[in-house]
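Naming convention: chains lettered A, B, ... in sequence-line order (proteins, then strands); numbering from 1 in each chain. Bear in mind the structure is a predicted one, so any value in this text is a computation, not a measurement.
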Amino acid sequence: MTAAIATPSFFTGRLKRPGFWTVITALAVLLLAVLLLLPIANVLAISFFDATTGNFGLSNYVQVLTRRFYTAALWNTIVIGLLGMLGACLLGIPLAFCTSRYRIRGRAVIATFAVLVLCAPPFIGAYAWIMLFGSNGAVTNILSSIGIPAPTIYGVPGIVMVFSLKFFPYIYLMTENALNTINKSYEDAAENLGCTAFQRFYKVTLPLIFPAVSTGAIICFVLSIADFGTPAILGRGVRTLATIAYTQYTSEMGGTPTMAVTVSMLMIAISMIALLLQRRILSKRRYASALTNRPGKKAMSPLKSILVHGFCYLVVFIAMLPAFTVVYTSFLETSGPVFTGNFGLGSYERILRDSPQAIYNSFVFALAAVALIAVVSGLLSFIVVRRDNFVSGSLDLLLMVPYLIPGVVMAIGYVATFQHPPFDMTGTALIIILLVFIRRLPYGVRSTTSILRQIKPSIEEAAINLGASPAKTFASVTVPLMMPGLIIGSLMSFITAINELSSTLILYTSRTITMPVLIYVQVIDGEFGTAAALSTLLLLSTGLCVFTVFRFSDRKESAFV
Amino acid sequence: MSAVEITSIRKSYGATVALSDINITIPSGSFFTLLGPSGCGKTTLLRTIAGFHQQDSGIIAIAKQQIENVPAHKRDVGMVFQDYAVFPHISVADNIAFGLKQRKVARSEIASRVADILDIVQLKPYAARMPHELSGGQQQRVGLARALVINPQVLLMDEPLSNLDAKLRVDLRRELRAIQQSMNITTIYVTHDQEEALAMSDIVCVMYGGVIQQAAAPWDVYNSPANSFVASFVGANNFLALSIDGTQAAIAETSVALPQLSSVQAGGKIVAAVRPEYIVVNPANDEDDLVRLPVKIRQVSFTGREMAVAATLASGEEIEAVTKPTSDIIALHPNDEAVFAFPARKVQLFEDGVTGARLF
């Protein structure tokens with residue numbers, strides 16, 4: 001019978017051509033290998049060659065783990081990371097509980113503020129707090145004029161406060177989302193089985209939201225230890241691993257940045273340990289539930305209402321204070337570094353006159369990176385979601401890496417990797433664009449991945465079945481259906497791309513300077529007026545993106561975490 | 001001529017065998033149904049024919065053309081999906097035209113063919129609508145029209161009615177069968193609903209554990225099941241242990257006269273099967289030739305057209321009868337003593353085991 005069956009002509013005598021997705025997967029692997037793994041491998045390699053003798057070994061690590069200069073920084077980093085995380089939890093969890101369980105007037109305002117805080121560049125917070133509570137700050141001066149010594153903003157307490165206020169939205173938004181999606185029947189069941197309100201909270205509700213809380217907490221921790229701008233501005237002698245890596249790098253300029261790199265490796269190790277720890281804890285706690293019974297919101301007695309509203313608004317107001325301060329300051333007239341006390345647009349005139357290049361660069365670099373991210377994340381998420389094989393699984397895992405690698409480290413890796421002809425890209429715009437692209441790619445992929453998981457594969461199979469090739473199916477069916485996720489992902493990556501500081505600070509030249517770098521330089525120089533004007537511009541573009549995401553996303557603020 | 005010939009198809013996922021040496025020929029123009037419980041391999045086989053799964057080995061041929069290594073988008077098979085899979089971002093007419101555009105059919109011809117098929121599936125007024133404006137049943141009509149309009153050699157349907165409510169399911173079932181017959185298109189249909197399979201098919205192919213248990217006309221599958229799996233999965237059945245001592249057979253310690261036993265080679269254990277509809281509850285004493293079993297009533301439930309009477313034999317085995325709802329039967333209560341009886345010739349004999357072969 002088999003012999004009677006004719007073999008179709010296009011299959012005979014020719015090797016099967018690799019399919020569209022096989023080619024794309026190969027390209028994706030190549031891309032990530034060159035732009036992500038190679039720089040990291042280079043950084044790792046450098047750390048194993050002794051700084052002075054050049055011998056292979058662990059001598060650099062021995063130094064970093066024994067010399068007081070480094071161990072103190074390591075200790076500071078861990079303390080700051082943990083305290084920042086704790087502070088963010090203490091603000092975020094109660095806030096989430098209030099807004100999800102009680103009727104809060106203006107909940108949208110609170111959520112919007114939280115998202116704005118999340119998206120604003122972190123170093124803006126640091127220097128705005130200096131303008132308020134610094135040695136010559138507005139609040140400090142007022143307090144001292146009536147004889148009260150103001151609490152210091154410098155050092156560990158200041159850094160922890162800024163981190164708590166900066167990162168609590170992660171905890172808040174994730175916890176609130178979890179609280180809103182708990183099946184109320186669990187809580188009802190607990191009550192029915194005899195739990196008091198408090199028992200119900202800590203025996204049922206809290207364990208159920210634990211995965212969300214811990215995910216938020218781990219983000220806060222990783223961001224806290226990686227953040228460079230805040231400890232650099234507020235540190236005043238308190239060094240963290242991030243600031244050491246940067247200063248060591250700049251002082252080793254020209255030579256091999258061995259010690260900077262070794263310190264960086266330590267930072268990555270801490271982040272990874274934290275992440276693995278959290279994964280391990282979470283692996284035993286997976287709760288899926290059908291959302292049949294949504295939790296409701298309770299009304300409150302007048303006194304309780306005042307207290308709860310007061311708490312909620314106070315938290316977001318204090319967190320927004322740096323942004324308000326920056327915008328206010330940008331409209332003050334300055335004479336040199338001194339504020340004259342009059343209002344005016346002088347700072348804006350100066351930035352448009354002196355630094356149009358930085359503004360232009362910021363937008364061009366961010367847009368170019370985002371265009372790359374949009375294309376690559378669309379293709380990558382298809383591979384990750386739809387192709388069930390070893391490579392796609394590894395790609396998914398690989399995309400976690402940029403979250404863990406501090407910007408300073410990636411930048412050092414890029415310089416170490418792409419400084420030799422014919423791939424010498426140092427000092428070019430391209431190296432900044434590629435770095436921002438790889439660092440922010442996971443944001444885009446996460447957004448497109450989550451929407452692709454909601455698109456039923458049968459829709460694509462239908463197109464294939466009707467004769468569309470895999471490439472055609474992707475273009476004509478998948479991409480249009482993925483568009484909302486693609487747009488949100490692009491906007492989110494744009495927000496993080498335009499605010500990028502820690503990596504660009506190492507890569508920039510006078511031709512490729514960006515707004516965050518310029519703000520940092522001006523703050524260090526005490527040029528608060530123009531820094532405020534530039535920061536306002538950044539805040540404005542960020543705010544516009546946030547607004548657009550709100551318009552496009554039905555998940556609203558939870559799209560940001 | 002678009003017969004489908006499947007030869008030695010195998011497919012496994014790691015250690016799990018999804019399809020184990022499938023051999024079947026589906027005659028041109030027939031309505032062929034793959035029936036089985038979830039995980040039996042029916043959907044895997046359908047998707048392998050569509051090209052969404054790559055078989056480990058074996059041959060699939062449509063109209064004598066081998067297609068098992070042809071990419072899915074180049075196989076000329078139409079598919080209707082369980083979740084409709086209607087493209088949500090384009091209109092009904094554009095959905096239906098999708099496959100024709102892929103085939104570079106002239107614009108004027110596309111318009112007329114789309115119009116024709118819209119007529120057949122009774123969706124003419126909905127051509128310009130977007131899918132989300134349609135009900136589930138209407139969306140599935142779009143799915144059907146979209147698959148049919150390309151005039152595929154074979155139509156594949158993956159539980160197309162299972163997401164619809166019961167009433168609509170029966171209506172659409174009839175309509176689907178009528179369209180299939182009028183177009184005379186070879187159709188492979190996957191379902192786990194035995195009533196649907198019996199009502200629609202020319203051939204019902206019962207699958208279990210990645211193996212075809214029986215492929216035959218609905219009547220034969222029901223009345224002459226190849227093995228005890230088919231006998232239990234298609235329609236309801238009572239399986240009763242048969243103890244044999246020489247020429248004497250007994251069910252639950254009641255000796256029964258089963259003439260068919262003489263034609264069976266007594267090997268291992270034998271199980272007797274009798275369908276609930278053949279069982280008479282408390283028969284009149286003058287009825288001869290009946291196997292009579294004393295039972296204790298467990299539950300009597302009224303389902304509208306009939307009564308289901310569940311009872312327990314002396315051995316503890318459970319047995320169910322389905323009868324007309326008469327006042328005598330409605331009057332039965334749990335724990336009442338009763339007699340279940342059935343004609344000896346209605347008893348089928350199987351080897352013991354999930355897929356024990358039918359001996360008689």
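The structure places CG of A:N465 at 6.0 Å from CD1 of B:I150, a figure rounded to the nearest 0.5 Å. Here the CZ atom belonging to B:R47 is positioned 8.5 Å from the OG atom belonging to A:S458, to the nearest 0.5 angstrom.
Residue-environment remark: OH (B:Y13) exceeds the threshold of 12 foreign heavy atoms within 6.0 Å. Applying the 6.0 Å contact sphere to CE of A:M272 captures no more than 12 heavy atoms from other residues, nucleotides or ligands.
At a heavy-atom cut-off of under 4.5 Å, chain A is reached by B:Q102, B:R103 from residues 101-117 of chain B, listed in order of number. Of all residues spanning residues 35-45 of chain B, none has a heavy atom less than 4.5 Å away from chain A's heavy atoms.
Both the backbone and the side chain of A:S476 come within contact range of chain B, each with at least one heavy atom under 4.5 Å from a heavy atom of that chain. For B:V149, no part lies under 4.5 angstrom from a heavy atom of chain A. Heavy-atom distances place both the backbone and the side chain of B:R146 under 4.5 Å from chain A.
Across all non-hydrogen atoms, the minimal contact from B:H73 to A:A468 is CB-O, 3.0 Å. When all heavy atoms of A:A462 and B:A85 are compared, the closest pair comes out as CB-O, 3.9 Å. Here the shortest heavy-atom pairing between B:F87 and A:I459 reads CE2-O, 3.1 Å. Pairing each heavy atom of A:E461 with each of B:F81, the nearest pair is OE1-CE2, 3.5 Å.
If you tally non-hydrogen atom pairs under 4.5 Å between each of B:G51, B:G78, B:A50 and chain A, the highest count goes to B:G78.
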